[in-house]
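Below is one structure, written out as structure tokens; the observations come after it.
One-based numbering along the sequence shown. As the structure is a prediction and not an experimental result, all values here were calculated from the model.
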Amino acid sequence: MTSNAPYPPALDAGLETERLSQTIKDWSIANGLAVRPPPALVGQNQDPEGILAINAPVTLFPSPFPKSCFEEAKAIQTNYNELYARISQDEEFLGRLVQEVAGGDDFIAKLWEIHLKVKEEGYVQNLSLGLFRSDYMVHQDGDHLQIKQVEFNTIASSFGGLSAQTSLLHQYLSPCHLKHSLTHDTNTRSRHLSKTEYPLLTTPIPPNTLNLPPNTSAHSLAAGLRAAYEAYGPSILNHPTCILFIVQDGERNIFDQRHLEYSLQQSSIPVFRLPFSQLLTHTTLSPTPLRQLLYHLPHNPSQIFEVAVTYLRAGYGPNDYPAPSSWLARRRIETSNTIPCPTILTQLAGMKKVQQVLATPPGPSTLAKFIPDEEKSSALWRTFTNIYPLDSSSPAGREARRLATDPKECLKYVMKPQREGGGNNFYKGAIPEQLKKVPEEHWNSFILMELITPPAVQNTILRQGKLEQGGVICELGVYGTCLWDQKTGQVKHNEEAGYLLRTKGDQSEEGGVAAGFGCMDSVALV
């Protein structure tokens with residue numbers, strides 16, 4: 001930002017607010033920054049055909065974010081990709097951690113069981129694809145600002161499609177000369193910049209005031225999928241090959257996924273969507289040693305595609321496995337020749353327990369095992385906050401148990417299970433109460449993480465047509481794509497892949513957009 005005026009500017013409560021809100025709502029629907037409405041807003045009986053969409057919750061203005069923190073997070077993403085690719089290859093390490101948490105976590109135990117069954121049968125595909133996202137908050141220690149990692153996501157890392165659209169929305173509202181255009185057609189870019197929004201507010205934001213970095217998340221994530229598709233090669237069975245998106249039934253976040261699909265289809269790659277619950281019905285394994293995964297088009301079963309890449313946007317939590325057939329479906333993916341995104345081992349690498357073991361004080365010995373390069377490992381170590389086990393056998397675990405059960409000390413922490421998605425964590429005073437409900441021998445299925453203290457930021461959130469104004473907390477996610485050989489360790493593709501900024505009211509503890517806590521945002525570098 002180059003202006004000393006207050007930011008974001010105050011809006012009047014009448015026509016000015018109404019105009020900006022309506023502009024955002026219209027642009028969002030016109031450009032696919034949208035979700036299906038939640039049942040609490042529109043019941044199924046009101047929309048039985050599933051034809052309605054609403055704009056995704058979004059901030060009226062891009063939120064200020066420290067440039068040095070933003071650049072650091074993007075610069076180290078390929079190191080994180082490399083780290084988690086190597087962790088995924090260390091079955092002994094993952095197995096030891098699974099055993100520590102499995103007693104109190106049936107879901108993790110079942111994933112490991114599927115892995116062992118496929119291992120006994122024999123894996124036929126060595127290539128593994130990760131579409132990762134490393135999430136951070138800015139920690140303020142006096143005048144010093146630094147990024148601290150919240151978590152690392154190894155499965156169904158969402159919002160890459162909507163994040164790119166959010167950046168375009170805020171660029172549209174704030175005409176500026178972008179240093180790095182997201183399109184080769186600069187004339188098209190200029191035609192799509194608004195001349196009548198931020199610059200013409202009562203307290204205007206002049207053109208070129210905001211430093212809005214480009215965001216290629218949808219394109220870059222699709223490039224990772226494309227790299228795996230190309231590495232798979234042509235079908236030896238002479239079938240056309242495809243990428244198969246495995247999704248949840250009744251998926252509300254469909255447009256986020258569609259942006260990745262459309263980007264892939266621009267490269268003439270066939271892409272199909274299949275609900276996880278229907279995978280056994282519409283796929284088969286070829287009766288060959290390679291066990292190719294074959295997809296039979298539901299509307300034309302005689303048309304068969306060989307699945308080169310299976311991209312899971314489902315299967316990350318227990319609710320996706322309501323019946324034994326769900327586990328058989330996951331086993332079919334794992335035992336086939338498709339390149340999975342992710343494998344079960346890569347999914348398990350995303351356990352909070354792994355993050356805890358990497359980050360537990362006093363030093364980065366476990367981290368150095370996977371990243372021996374001291375410069376790389378030091379850069380990663382600086383992003384860790386203090387995370388502790390809750391076991392009873394280690395000094396760190398016993399101290400964490402004391403902190404978690406103390407009514408005052410627990411106010412500095414969040415307790416996390418081994419889960420993806422929002423709404424699973426326990427904060428501050430809720431920690432001792434939750435532990436009372438859990439047998440002590442199962443406490444080690446949780447980790448205890450020191451809360452991050454972010455700087456104060458103001459913004460206004462537009463959610464389901466209503467405005468929420470006040471203090472907000474921003475969480476930066478940086479995407480990465482990595483393709484590696486699980487057997488040889490060779491990394492064939494390793495790229496940083498754009499960013500996501502999620503923002504929530506500063507009174508909210510959870511931050512998931514899909515879970516209803518946060519909203520879409522983009523960064524204005526300061």
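- Between the side chains of T284 and H296, at least one donor-acceptor pair of N or O atoms lies under 3.5 Å.
- At least one side-chain heavy atom of I243 sits under 4.5 Å from a side-chain heavy atom of I269.
- For S336 and T338, the side-chain atoms include no donor-acceptor pair closer than 3.5 Å.
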If you apply the rule side chain to side chain contact (heavy atoms under 4.5 Å, CB included), what do you find for R36 with F255, and how did you get there? CA-CA 8 Å; R36 296 291 187 200; F255 304 106; 3.8 Å; yes

Check residues 274-281 and write down every donor-acceptor pair under 3.5 Å in which the side-chain atom is one partner and the other belongs to a residue at least two apart or another chain.
from, atom 1, to, atom 2, distance (Å)
S277, OG, D249, OD1, 3.2
S277, OG, D249, OD2, 2.6

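- In this structure, W381 and T360 approach most closely via the heavy-atom pair CH2-O, 4.0 Å.
- Judged by distance alone, with hydrogens and angles left aside, the side-chain atoms of N386 form no donor-acceptor pair with the main-chain N or O of M449 at under 3.5 Å.
- A salt bridge is absent between E450 and K412; no separation between the charged side-chain nitrogens and carboxylate oxygens falls under 4.0 Å.
- In terms of heavy-atom proximity, S163 sits nearest to L501 at OG-N, 4.4 Å.
- Using a 3.5 Å distance cut-off with no hydrogens or angles, the side chains of D521 and S63 do pair a donor with an acceptor.
- Counting heavy atoms from C-beta on, the side chains of K376 and I76 never come closer than 4.5 Å.
- Under a 3.5 Å cut-off, the side chain of H239 and the backbone N or O of E306 do not form any donor-acceptor pair.
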Quick one, Y84 with V354, criterion side chain to side chain contact (heavy atoms under 4.5 Å, CB included). Give me CA distance, side-chain angles, the key distance, then yes/no. CA-CA 10 Å; Y84 276 84; V354 171; 4.3 Å; yes

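- For residues 109-118, the pairs satisfying side-chain hydrogen bond (donor to acceptor under 3.5 Å, both in side chains) are E91-H115, K110-E113, E113-K117, H115-Y123, with sequence neighbours left out.
- In this structure, the side chains of K492 and L127 come closer than 4.5 Å at one or more pairs of heavy atoms.
- Screening S167, S217, S220 for a side-chain hydrogen bond (donor to acceptor under 3.5 Å, both in side chains) with Y499, the sole residue that qualifies is S167.
- Atom CD of residue E100 and atom CD of residue Q418 lie 10.0 Å apart, to the nearest 0.5 angstrom.
- Of the possible polar contacts, none joining the T503 side chain to the C519 backbone as a donor-acceptor pair under 3.5 Å is found.
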Given side chain to side chain contact (heavy atoms under 4.5 Å, CB included), test V118 with L116 step by step and report yes or no. CA-CA 5 Å; V118 176; L116 292 180; over 6 Å; no

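- Atom CG of N425 and atom CD of Q434 lie 11.0 Å apart (nearest 0.5 Å).
- Contact detail for H493 and A227: the closest heavy-atom pair is ND1-CB, 3.7 Å.
- Proximity of S235 to P240: side-chain heavy atoms (C-beta onward) are nowhere separated by under 4.5 Å.
- Within the 4.5 Å cutoff, no side-chain heavy atoms of V307 are placed close to those of L294.
- Side-chain contact of Y80 with T383: a donor-acceptor pair under 3.5 Å is present, judged by distance alone.
- Between the CZ atom of F245 and the CG atom of L260 there is a distance of 5.5 Å, given to the nearest 0.5 Å.
- For N153 (side chain) and I155 (main-chain N/O), no donor-acceptor pair under 3.5 Å exists by modelled atom type.
- Aromatic ring centres of F107 and Y321: separated by under 6.0 Å.
- A pairwise comparison of heavy atoms in L435 and W443 identifies O-NE1, 3.3 Å as the closest pair.
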Hey, mind stepping through Q149 and S134 against side chain to side chain donor-acceptor pair (under 3.5 Å) and telling me if it holds? CA-CA 7 Å; Q149 189 183 62; S134 185; 2.8 Å; yes

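- Side-chain contact between L293 and L285: present, with at least one pair of heavy atoms (C-beta onward) separated by less than 4.5 Å.
- With sequence neighbours excluded, the residues satisfying side chain to side chain contact (heavy atoms under 4.5 Å, CB included) with T346 are S88, S128, F132, T154, P342, T343, W484.
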Test side chain to side chain donor-acceptor pair (under 3.5 Å) on Q77 and N81 and set out the steps. CA-CA 6 Å; Q77 183 58 40; N81 295 346; 2.9 Å; yes

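- F370 and R86 get closest at one heavy-atom pair: O-NH1, 2.6 Å.
- A donor-acceptor pair under 3.5 Å links the side-chain atoms of S445 to the main chain of H442, judged by distance alone.
- Nearest heavy-atom pair, A231 versus L483, reported as atom, atom and distance to 0.1 Å: CB-CD2, 3.8 Å.
- By the side chain to side chain contact (heavy atoms under 4.5 Å, CB included) test, R402 is found to be paired with E399, E409, residues two or more places apart in sequence or in another chain being considered.
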CA sep, side-chain torsions, deciding dist, call: R313, Y311, side chain to side chain donor-acceptor pair (under 3.5 Å): CA-CA 6 Å; R313 291 294 292 258; Y311 175 40; 3.2 Å; yes

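- Between H259 atom NE2 and L264 atom CG the span is 13.5 Å, to the nearest 0.5 Å.
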Test side chain to side chain contact (heavy atoms under 4.5 Å, CB included) on I147 and R382 and set out the steps. CA-CA 8 Å; I147 53 167; R382 286 194 296 270; over 6 Å; no

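- Sorted by first and then second residue, the salt bridge (Lys or Arg N to Asp or Glu O under 4.0 Å) pairs involving residues 318-345 (not counting sequence neighbours) are E121-R331.
- Under a 3.5 Å cut-off, the side chain of T488 and the backbone N or O of Q490 do form a donor-acceptor pair.
- The local environment of CD in Q265 is crowded, with over 12 non-hydrogen atoms from other residues, nucleotides or ligands closer than 6.0 Å.
- A donor-acceptor pair is defined here as one N or O able to donate and one able to accept, closer than 3.5 Å; such a pair exists between the side chain of D90 and the backbone of F93.
- Atoms CG and CZ, from N444 and R401 in turn, are 7.0 Å apart once rounded to the nearest 0.5 Å.
- Although no hydrogens or angles enter the test, the distance criterion places a donor-acceptor pair under 3.5 Å between the side chain of E251 and the main chain of N253.
- Within the 4.5 Å cutoff, the side chain of Y295 has heavy atoms near those of the L297 side chain.
- Looking at heavy atoms from C-beta onward, V472 lies out of side-chain contact with K504 at the 4.5 angstrom threshold.
- For K148 (side chain) and F384 (main-chain N/O), a donor-acceptor pair under 3.5 Å exists by modelled atom type.
- No donor-acceptor pair under 3.5 Å is formed between the side chain of R273 and the backbone N or O of V247.
- For residues 125-134, the set of pairs meeting the salt bridge (Lys or Arg N to Asp or Glu O under 4.0 Å) definition, not counting sequence neighbours, comprises R133-D135.
- Put simply, OH on Y479 and CG on L221 are 6.5 Å apart, with the number rounded to the nearest 0.5 Å.
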So E151 and Q355, side chain to side chain donor-acceptor pair (under 3.5 Å) or not? Walk me through it. CA-CA 7 Å; E151 64 180 359; Q355 185 186 12; over 6 Å; no

